[in-house]
Amino acid sequence: MSVQQAPRHFLDINQFSNSTLRSILNKAIEYKKAGRNFNKPLLDHTLVLIFEKSSTRTRVSFEVGMRQLGGDVVVLGPRDSQMGRGESIGDTARVLSRFSDVIMIRTDSHKKLELLAENSSVPVINGLTDDSHPCQIMADIMTFEEHRGSIEGKTIAWVGDGNNVATSWLHAAVKFNFNFKIATPAELKLPESQIECAISEGCNVTITSIAKEAVKGADCVVADTWVSMGADNDRSKKIKLLEPFQVNEDLMALANSDALFMHCLPAHRGEEVTSSVIDGKQSVVWDEAENRLHAQKGILSYCLNII
Ligand code: CP
Ligand code: NVA
């Protein structure tokens, strides 16, 4: 009788060792260098992409990446499956596992992602939940290191909402050993449990409600939308709280002179960042977007046991 191995899910950066994360990034770098000059390691494999929220980068980079690896893709939007009419996550997981080799989901509640993974016999990838966005931060680490070398010991400053992307940066700070300074309004802080957990694992994290304090000495300043998908109810309240957290030239001038600017996109020029910064010399946002493709090919390779 063959013993079935547990599927290699990719749910959150804090669930992996540094060496596994490094092997995923090394594979991503290898794919990027190779361009189209590699065999098709995922021939006859199918990726199902489930989107309960909008996407440009995640949708296209996973689809293109899987095809470049030789595989096939099925995309399910919010109205394309019975999930939209109430079929349970568990049943969906069990059925999709019979047809496909790997599933990516972008959804609201993190619990749904976990339920999908618990009930799936094939790997599940987190393509963003209300709580985290690990694929993005893998691409961001890759981007930082392409421009500035090892991220270990460097200082990354987060300015804005304490949201899903910030949480994945915090997870990465623990695993990749960099300093993380977070400036958010007191009302929009990262969950205390996440901060406590990072500190208990030795993370050098600074929490402040003053943007200037966070960017001082930073090697990279990171912004994100002030209003995440699904958080529209509080839009006007959030925007008011976040106005002092705009990343503009004056704020960037307080960071290290060679500091990078990052944003996962989509961006709102004139809100969380000015055009002069996001379209300026320090910005690496287009590299971040491109590296989603390469990083996720690394993640697919991990999930499907080819690294
Ligand atoms: N950064 C990111 O995940 O972009 P999309 O919402 O377009 O997928
Ligand atoms: N924090 C943003 C990220 C979008 C990629 C959101 O959740 O909408």
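Each ligand, and each atom within it, is numbered from 1 in the order the structure gives.
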Exercise for the section: Tell me, please, which residues at least two apart from Ala173 pass side-chain contact (heavy atoms from CB on, under 4.5 Å). Expected result: Phe178, Phe180, Cys203
Handout entry: Which of the ligand 2 atoms, numbered from 1, are nearer than 4.0 Å to a heavy atom of Thr225
Key = 2 (C)
Practice task
Compare all side-chain heavy atoms of Pro185 with those of Leu242 and state whether any distance is below 4.5 angstrom.
Solution key: yes
Handout entry: Cation over ring face, Lys33 and Tyr31, 6.0 Å, 45°
Key = no
Handout entry: Neighbour count >12 (heavy atoms, 6.0 Å) for atom CG, Asn305
Key = yes
Exercise for the section: Give me the ring orientation class for Phe10 and Phe16: parallel if the planes are under 30° apart, tilted from 30 to 60°, perpendicular past 60°. Expected result: parallel
Handout entry: Residue pairs fulfilling side chain to side chain donor-acceptor pair (under 3.5 Å) with at least one residue in residues 111-124, sequence neighbours excluded
Key = Glu52-Lys112, Arg94-Asn119, Ser97-Ser120, Asp108-Lys112
Handout entry: Best match, Leu128, Thr167, Thr58, Asp108: closest heavy atom to atom 4 (C) of ligand 2
Key = Leu128
Handout entry: Asn164 N/O to ligand 2 N/O under 3.5 Å
Key = yes
Exercise for the section: Side-chain contact test, heavy atoms from C-beta onward, threshold under 4.5 Å: evaluate it for Glu288 versus Glu290 and give yes or no. Expected result: no
Practice task
For ligand 2, find out whether one of its N or O atoms is nearer than 3.5 Å to an N or O atom of Ser228.
Solution key: yes
Exercise for the section: Tell me the residues surrounding ligand 1, counting only those with a heavy atom closer than 4.0 angstrom, sorted by chain and number. Expected result: Ser55, Thr56, Arg57, Thr58, Arg106, His133, Gln136, Cys264, Leu265, Arg292
Exercise for the section: Please list all pairs passing the side chain to side chain donor-acceptor pair (under 3.5 Å) test where one or both residues lie in residues 74-83, with sequence neighbours left out. Expected result: Gln82-Arg85
Practice task
Examine Cys264 against ligand 2 and note whether any of their N/O atoms are separated by less than 3.5 Å.
Solution key: no
Exercise for the section: Using distance alone, decide if ligand 2 has a nitrogen or oxygen within less than 3.5 Å of any nitrogen or oxygen in Asp224. Expected result: yes
Problem - 4.5 Å side-chain heavy-atom contact, Thr184 and Ser209 - result: no
Fill in the blank from the handout: heavy-atom search around atom 8 (O) of ligand 2 in the protein gives Met229 N, 2.8 Å
Exercise for the section: Return yes when Leu265 approaches ligand 2 closer than 4.0 angstrom through a heavy atom, no otherwise. Expected result: yes
Practice task
Tell me yes or no: between the side chains of His133 and Asn163, is some donor less than 3.5 Å from an acceptor?
Solution key: no
